[in-house]
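One is the number of the first residue; the rest follow in order along the sequence. Atoms within a ligand are numbered from 1 in the order they appear, just like the ligands themselves.
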Amino acid sequence: MTKTIYILNGPNLNLLGSREPEIYGTRTLAQIEADCRKLTDAAGINLIFRQTNEEGELVHWVQEAAKMASALIINAAAYTHTSVAVFDALKLLDIPIIEVHLSNPSAREPFRQQNFISPAATSGIFGFGAVGYNMAVKAVINLTNNQNNQWN
Ligand code: DQA
């Protein structure tokens with residue numbers, strides 16, 4: 001059966017490319033999706049890639065990933081720092097969860113030091129810009145390879 005990876009993106013990430021490019025870079029979310037899809041296509045994995053500006057929608061999708069996905073990559077954007085609801089939803093998953101941020105929130109404003117995602121995540125990739133998504137996809141493929149030799 002074809003494996004599925006979910007990549008979920010939170011608020012304002014639809015504006016990547018033009019949003020504070022000195023912090024988030026110039027790649028658009030569509031370009032990031034295309035980069036990720038090259039990797040998943042090559043690995044024979046199905047990719048669900050979504051973005052929302054709504055907290056409840058993000059919660060729904062995390063719940064959906066709990067049923068459908070072999071791994072979840074999430075950039076919850078500002079909800080990283082505020083959302084107990086997303087944290088609670090992530091706790092439902094027993095699959096690898098990789099938290100991605102384009103910037104390194106720990107090196108930024110004090111309000112970004114609060115993080116509700118990391119305690120529920122398997123690991124995180126912060127501060128590598130758009131490349132961080134590729135790193136996360138590769139990590140997830142390797143992780144899943146280690147758990148299930150069908151992917152080798
Ligand atoms: C971000 C970091 C968050 O602090 C911020 O609210 C974002 C983007 C990142 O990818 O660097 O919207 O998640």
Side-chain angles (χ1 to χ4, degrees), residues 4-43 45-144:
T4 298
I5 291 176
Y6 273 53
I7 301 182
L8 300 180
N9 296 280
N12 300 304
L13 295 174
N14 54 313
L15 299 177
L16 285 180
S18 57
R19 175 192 179 204
E20 299 185 273
E22 66 288 358
I23 296 174
Y24 300 117
T26 54
R27 272 188 108 51
T28 66
L29 197 61
Q31 289 171 326
I32 291 172
E33 177 177 356
D35 293 343
C36 292
R37 207 168 283 287
K38 271 186 208 156
L39 293 171
T40 53
D41 283 355
I45 297 163
N46 185 38
L47 174 63
I48 305 290
F49 191 106
R50 296 182 188 152
Q51 186 276 333
T52 181
N53 292 325
E54 310 290 336
E55 183 177 17
E57 190 160 41
L58 191 56
V59 169
H60 278 304
W61 291 347
V62 171
Q63 291 182 9
E64 186 184 304
K67 292 190 200 125
M68 308 297 292
S70 298
L72 170 65
I73 295 166
I74 183 165
N75 182 351
Y79 292 138
T80 303
H81 315 297
T82 62
S83 183
V84 176
V86 175
F87 168 79
D88 283 347
L90 289 170
K91 295 294 282 180
L92 298 170
L93 277 65
D94 57 4
I95 55 174
I97 301 171
I98 312 291
E99 179 189 5
V100 168
H101 296 286
L102 296 137
S103 66
N104 179 2
S106 298
R108 297 180 62 194
E109 302 94 327
F111 64 85
R112 293 184 209 276
Q113 311 307 313
Q114 169 121 301
N115 185 325
F116 286 94
I117 306 302
S118 288
T122 309
S123 188
I125 298 172
F126 311 148
F128 289 100
V131 171
Y133 283 78
N134 294 8
M135 294 164 74
V137 170
K138 287 179 185 170
V140 153
I141 291 169
N142 285 342
L143 264 180
T144 312

N75 and ligand 1 - part of the residue with a heavy-atom distance under 4.0 Å: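 For N75, the contact with ligand 1 is made by the side chain alone.
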For L102 and ligand 1, does the shortest N/O to N/O distance drop below 3.5 Å?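 L102 vs ligand 1: N/O contact under 3.5 Å present.
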For ligand 1, is there an N or O atom under 3.5 Å from any N or O atom of A78?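 Looking only at distances, the answer is yes, because the N/O contact criterion of under 3.5 Å is met.
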Parallel, tilted or perpendicular: ring planes of F126 versus H101, cut at 30 and 60 degrees: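 It falls in the tilted class, 30° to 60°.
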How far apart are the C-alpha atoms of N9 and Y133, what are their side-chain angles, what is the distance that settles it, and do they pass the side-chain hydrogen bond (donor to acceptor under 3.5 Å, both in side chains) test? CA-CA 11 Å; N9 296 280; Y133 283 78; 2.6 Å; yes
Of all residues at least two apart in sequence or in a different chain, which pass the salt bridge (Lys or Arg N to Asp or Glu O under 4.0 Å) check with E20?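 Partners of E20 by the salt bridge (Lys or Arg N to Asp or Glu O under 4.0 Å) criterion come out as none, since no residue qualifies.
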Side chain of T122, backbone of I97: donor and acceptor closer than 3.5 Å?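 Yes; judged by distance alone, with no hydrogens or angles, the pair exists.
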Within a radius of less than 6.0 Å around CZ of F116, do more than 12 heavy atoms belonging to other residues, nucleotides or ligands occur?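 Enclosed: over 12 neighbouring heavy atoms sit under 6.0 Å from CZ of F116.
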Taking only non-hydrogen atoms of [X], do any sit less than 4.0 angstrom from ligand 1?
| X | result |
| --- | --- |
| Y24 | yes |
| N12 | no |
| E20 | no |

With heavy atoms of S103 as the reference, note each atom of ligand 1 found under 4.0 Å away.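 Once the distances to S103 are compared, the set is 2 (C), 9 (C), 11 (O).
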Looking only at non-hydrogen atoms, which of H101, E99, R112, H81 approaches atom 6 (O) of ligand 1 most closely?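 Comparing heavy atoms across H101, E99, R112, H81, the nearest one to atom 6 (O) of ligand 1 lies in R112.
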Report the residue from V59, T80, L8 that forms a side chain to side chain contact (heavy atoms under 4.5 Å, CB included) with V86.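 That would be V59.
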